[in-house]
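One structure is given here, and the rest of the page talks about it.
Computation of the quantities below employed the complete heavy-atom set of this structure, encompassing side-chain atoms and omitting hydrogens, waters and symmetry-equivalent molecules. Quick note on labels: first sequence line is chain A, next is B, and so on, each numbered from 1.
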Amino acid sequence: MPTPVPIFALVDCNNFYASCEKLFNPKLAGVPVVVLSNNDGCVVARSAEVKALGIPMGVPWFKIHDQARQHGIVAFSSNYALYADMSNRVMEVLAQFSPDIEVYSIDESFLDLAGFESIGLAEYGRQIRERIQQWLGLAVCVGIARSKTLAKLANHCAKKNLAGANGVCDFTAMSAADMDSLLDRIDVAEVWGVGRKLAPRLDAMGIRTVRALRDADANSVRARFSVVLERTVRELRGTSCLALEEVAPAKQQIICSRSFGQRVHDFDDLQEAVASYISRAAEKLRQQDSLAGAVTVHIQTSPFNLSEPRYQKAVTLPLPEATADSRLLARWALLILKQIYRPGFAYQKAGVMLSDICPRRMHQPSLFGALGENERLMRTLDRINSRWGRGTLRLAAEGMGKEWQMKRGHLSPGYTTEWAGLPTVQAR
DNA sequence: CTATAACTCTCAA
DNA sequence: CTAACGTTGAGAGTTATAG
């Protein structure tokens, strides 16, 4: 249970994906490394060397290919299994430092540090940092403050080495005057919750720094923007409005969508993709012990290719009865696909969504009993796939997936997740 | 007209 | 040789629709 007056620490791994790749290959020390999104599409992580070259986050890989070659940048496809495994290890270590921890994303967590003041919060932060470095070889930064939004900002300062942070920044120990001058120097766009759209609007009103937003009139912020931004203002003043969420609530919707490795034209290939995605989504659904009451299928051509005919369509089907059975969900999904498929287009992406989700135990079975749902079969399916790897046991409709599967031309070995990925020792 | 549903926009990692 | 541009989830706000 979080303490009544919490002190938040935000611990965030530096360049997480890129650092994971470097970890298992000493030759990459000092080498610029990028990690690419699914399909080797965009740059989603950059090592410090790449950031120094001025390569922006999110840029399509093909656009910087030449530049990358010039600078000897090494690119990796996303190796999600590796990052998830390293993430789990990081979170296990972090959990040793506080009974109250919220895993916020794959590379960051909020910790409640109330009660550790006697050690010195900054000192405690340094211990966290050192232990993760020593045990896992990963660099993290720690931001400490009285609200989540401020802890995020403190983390930003730690990363940018503002206020002599050196990896740890504790706002709770800073004087009001020092805070003022620090927040004066930080762009309002750095604030958690201020994104692409909000930043220019704030700028137009003369709110350009974090300090200006903090000192803005909360009521007029609410009137002109939203309750969300008003909450941000209060958080910036040190009033905690966002609580630590230790247990992740069950998802209200579950999505699985992916771009294809190559354009897809045939219904059959699309069908394989949709069946695979629905399988994956159903697996997630069963993991949280829920049922879905509606299925959406979405297909689209590339939004970037202006010369080809464009088409996109999504249809949602409310189910006669909520279910978590892959076979039933696949049947509904393929029914939708048949309805929305138009021949003659170069499809770039497909996706499925499960919604109208409810806990299995709250579900009222229909009068005539579940229509073909086989809970035991699904449990067996999940057990086999978790033991032998995802996709070991599949629906027939999923096919072998050659045409549409995503490109991963720069995949690193599964260092921590597969025996074959272990680095070998050369005899000499 | 109101209450709700459906959809759109924004943000984040 | 050319073309090539991520995924998932939440929540607020707005618009459409039913009664």
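A:I254 comes within contact range of the sugar-phosphate backbone alone, with a heavy-atom separation under 4.0 Å but no base atom that close. Nucleic acid contact class of A:V44 (heavy atoms, under 4.0 Å, all strands): none.
Following rounding to the nearest Å, A:R231 (CZ) and B:dT10 (P) show an atom-to-atom distance of 18 Å. One can place NZ of A:K251 at 11 Å from P of C:dG11, the figure rounded to the nearest angstrom.
The side-chain contact (heavy atoms from CB on, under 4.5 Å) test with A:L319 singles out one residue from A:L328, A:L329, A:L291, A:D356, and that residue is A:L329. Only one option out of A:L229, A:V191, A:V221 pairs with A:L202 in a side-chain contact (heavy atoms from CB on, under 4.5 Å); it is A:L229.
Applying the 6.0 Å contact sphere to NZ of A:K197 captures no more than 12 heavy atoms from other residues, nucleotides or ligands. Within a 6.0 Å sphere centred on CH2 of A:W61, heavy atoms belonging to other residues, nucleotides or ligands number more than 12.
The phosphate of C:dA4 (OP1 or OP2) has a side-chain N or O of A:N305 nearer than 4.0 angstrom. Taking side-chain N and O atoms only, A:Q348 has a distance below 4.0 Å to OP1 or OP2 of C:dG6. Put simply, A:K349 has a side-chain N or O that comes within less than 4.0 Å of OP1 or OP2 on C:dT7. In terms of phosphate contacts, A:K152 brings a side-chain nitrogen or oxygen within less than 4.0 Å of OP1 or OP2 of B:dA13.
In this structure, A:K349 forms no cation-pi arrangement with A:F260, as its terminal cationic atom is not both closer than 6.0 Å to the ring centre and no more than 45° off the ring axis.
Nucleotide C:dA4 forms no Watson-Crick or G-U wobble pair with any nucleotide shown, as no partner meets the under 3.5 Å limit on both distances. For C:dA18, the paired nucleotide is B:dT2, the pair qualifying as Watson-Crick or G-U wobble because both relevant distances are below 3.5 Å. With a cut-off of 3.5 Å on both pairing distances, the Watson-Crick or G-U wobble partner of B:dT8 is C:dA12.
Taking every heavy atom of residues 256-263 of chain A and every atom of DNA chain C, pairs under 4.0 Å involve A:C256, A:S257, A:R258, A:S259, A:R263, by number.
Each of C:dG9, C:dT7, B:dC11 was ranked by its minimum atom distance to the side chain of A:N38; first place goes to C:dT7. Closest to the A:S226 side chain, of the nucleotides C:dA12, C:dA4, C:dG9, is C:dA12. Side-chain atoms of A:W192 lie closest to B:dA12 of the nucleotides C:dG9, B:dA12, C:dA4. The side chain of A:Q252 approaches C:dA10 more closely than any other nucleotide in the set B:dA12, C:dG6, C:dA10.
Rounded to the nearest 0.5 angstrom, A:I101 CD1 and A:Q96 CD are separated by 10.0 Å.
Going from the C1' atom of B:dC11 to that of C:dG6 covers 16 Å, rounded to whole Å.
When every heavy atom of A:G72 is checked against every heavy atom of A:V31, the shortest pair comes out as O-CG1, 4.0 Å.
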